[in-house]
Trainee: 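Take a look at the following structure, please.
What's counted below: heavy atoms across the whole structure, side chains too, no hydrogens, waters or symmetry copies. What you see is a predicted model, and the numbers here were worked out from it, not measured in a lab. Order of the sequence lines fixes the chain letters, A, B, ..., with proteins taken first and strands second; residue numbering starts at 1 for each chain.
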2 protein chains.
Amino acid sequence: MTEQIKPTDSELEILNILWDKGPSTVREVHEVLEQSKDAGYTTTLKLMQIMHEKTLLKRDVSNKSHVYTANVSQEKTQGQLVKRMIDNVFNGSASQLVMQALGNNKASSQELEEIRKYLENIHPNPKGS
Amino acid sequence: MTEQIKPTDSELEILNILWDKGPSTVREVHEVLEQSKDAGYTTTLKLMQIMHEKTLLKRDVSNKSHVYTANVSQEKTQGQLVKRMIDNVFNGSASQLVMQALGNNKASSQELEEIRKYLENIHPNPKGS
DNA sequence: ACAAACCTACGAATATTTTCGTAAATAAAA
DNA sequence: TTTTATTTACGAAAATATTCGTAGGTTTGT
């Protein structure tokens, strides 16, 4: 069994920023975070330190301002979160999750088109709709 | 804005049982729960009482053993959880979630077929571009 | 050199979630 | 009736997650 990645909501926010920006200092992460929520600087610092202890983040201590990097891939993390949702919320049915994600205008028509193409690749439609 | 349904993991387990079995007593829920985890009876009771306070559950007190029912629909709850995942994990892209859910053999070929049919039936509302 | 700004580490307060022991009431069994 | 089992209510412990103040060190600006 591969290790379970289970970031909390706050941790996920930080991972998102690091996946987006790449290696960053606490200050850099905090400045992005501030735009959407209000938390003190040391709160962000503490969170990232904890994430480092959990090995969710790597860090480079050679400079005064430590530089943190995500130590789990976005793909793999997304995969585990989706799998968990399929199991816990959709009783193991991936298709039910997909349909829920496609309903209610959650996806634009452009996105729907993307998905159609993707589907044809992994499961070509013999009739060619 | 509609009320936010945000069940915890434990609460979701209970909701799943109630959605599946319909109105049930604490004992009935607990017996199902026991099969997959080990927790004491009063733990289940307390959880369901809290869920009732939060109005996640309704209850009928006319008998000695109270009968609980889910007070949120499975559809709506699933929808909100999926939307939250799209926002927090996939930066708002439903298609990315879908592709993640379809990759890595998370869906059987039968499921893929279901999804393909579902997609053909969708009449996309052109709001995104 | 001195002060101001910045950074980390640490500990602890808060908040939330999960767990369960115990007491009181009711029902069932003996 | 007396005992045993079942159920609720309550409170609080335990576990986890989030927040922040403060101290001490380093760098930067004057």
Trainee: What I'd like to find out is whether the side chain of A/Leu18 reaches to under 4.5 Å of the side chain of A/Thr69, using heavy atoms alone.
Mentor: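 No; the side chains remain at least 4.5 Å from each other.
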
Trainee: Can you give me the first and the last nucleotide of DNA chain D (5' to 3') that has an atom within less than 4.0 angstrom of a non-hydrogen atom in chain B?
Mentor: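 Terminal contacting nucleotides, 5' to 3': D/dT6 to D/dA12.
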
Trainee: Should A/Glu75 and B/Gln100 count as side-chain neighbours, where that means a heavy-atom distance under 4.5 Å?
Mentor: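 Counting from C-beta outward, A/Glu75 and B/Gln100 do come under 4.5 Å.
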
Trainee: Report which part of the nucleic acid B/Thr42 touches: base, sugar-phosphate, or nothing (heavy-atom distance under 4.0 Å, all strands).
Mentor: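 Counting heavy atoms under 4.0 Å across all strands, the contact made by B/Thr42 includes a base.
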
Trainee: Would you check if B/His52 and B/Lys58 make a side-chain contact, meaning some heavy-atom pair closer than 4.5 Å?
Mentor: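 Side-chain contact under 4.5 Å: no.
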
Trainee: Classify A/Gln49 by what it touches in the nucleic acid, base, sugar-phosphate, or nothing, heavy-atom distance under 4.0 Å.
Mentor: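 Base contact.
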
Trainee: Rounding to a whole Å, what distance do you find between B/Leu12:CG and C/dT17:C1'?
Mentor: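 Result: 14 Å.
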
Trainee: Specify the separation, in whole Å, of atom CG of A/Leu47 and atom P of C/dC7.
Mentor: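 Going from CG in A/Leu47 over to P in C/dC7 covers 17 Å.
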
Trainee: Is there a side-chain contact between A/Lys46 and the phosphate of C/dA13, meaning an N or O under 4.0 Å from OP1 or OP2?
Mentor: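 Indeed not, no polar side-chain atom of A/Lys46 lies that close.
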
Trainee: Within the pair A/Tyr41 and C/dT8, is there a side-chain N or O less than 4.0 Å away from OP1 or OP2?
Mentor: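 Indeed, a polar side-chain atom of A/Tyr41 lies that close.
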
Trainee: Less than 3.5 Å apart, any donor N or O on the side chain of A/Asp60 or A/Ser62 sitting next to an acceptor on the other?
Mentor: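 A pair is found: one side chain offers a donor N or O, the other an acceptor, under 3.5 Å apart.
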
Trainee: With side chains defined as the heavy atoms from C-beta onward, is the minimum distance between A/Glu34 and A/Glu31 less than 4.5 Å?
Mentor: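 Yes, at least one pair of side-chain atoms sits under 4.5 Å.
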
Trainee: Taking 4.0 Å as the cut-off, does a side-chain nitrogen or oxygen of A/Ser65 come that near to OP1 or OP2 on C/dC6?
Mentor: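 So the side-chain polar atoms of A/Ser65 never come under 4.0 Å of the phosphate oxygens OP1 or OP2 of C/dC6.
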
Trainee: Report the distance from atom CE of A/Met48 to atom C1' of C/dA9, rounded to the nearest whole Å.
Mentor: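 Going from CE in A/Met48 over to C1' in C/dA9 covers 15 Å.
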
Trainee: Classify A/Thr43 by what it touches in the nucleic acid, base, sugar-phosphate, or nothing, heavy-atom distance under 4.0 Å.
Mentor: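 Base contact.
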
Trainee: Less than 4.5 Å apart, side chain to side chain, heavy atoms only: is that true for B/Arg59 and B/Pro23?
Mentor: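 They are not in side-chain contact.
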
Trainee: Give one of base, sugar-phosphate or nothing for B/Lys37, where a contact means two heavy atoms less than 4.0 Å apart.
Mentor: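 Here B/Lys37 touches the backbone only, sparing every base.
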
Trainee: Do A/Gln96 and A/Ile86 come close enough that some side-chain heavy atom pair is under 4.5 Å?
Mentor: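 Contact flag for A/Gln96/A/Ile86 side chains = no.
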
Trainee: Taking only the side-chain nitrogens and oxygens of A/Arg27, find out if one of them lies under 4.0 Å from OP1 or OP2 of C/dC6.
Mentor: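 It does not, given that no N or O in the side chain of A/Arg27 lies less than 4.0 Å from OP1 or OP2 of C/dC6.
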
Trainee: Heavy-atom nearest nucleotide on DNA chain C for A/Arg59 versus A/Lys64: which residue maps closer to 5'?
Mentor: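 Counting from the 5' end, the first nearest nucleotide belongs to A/Lys64.
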
Trainee: May I have the distance from B/Leu33 (atom CG) to C/dT18 (atom P), rounded to whole angstrom?
Mentor: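 My rounded result for the distance is 12 Å.
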
Trainee: Rounded to whole Å, how long is the line connecting atom CE of B/Met51 with atom P of C/dT17?
Mentor: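 Rounded to the whole Å, the gap is 12 Å.
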
Trainee: Rounded to whole angstroms, how far apart are NE2 on A/His30 and P on C/dC7?
Mentor: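 Whole-Å distance recorded here is 10 Å.
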
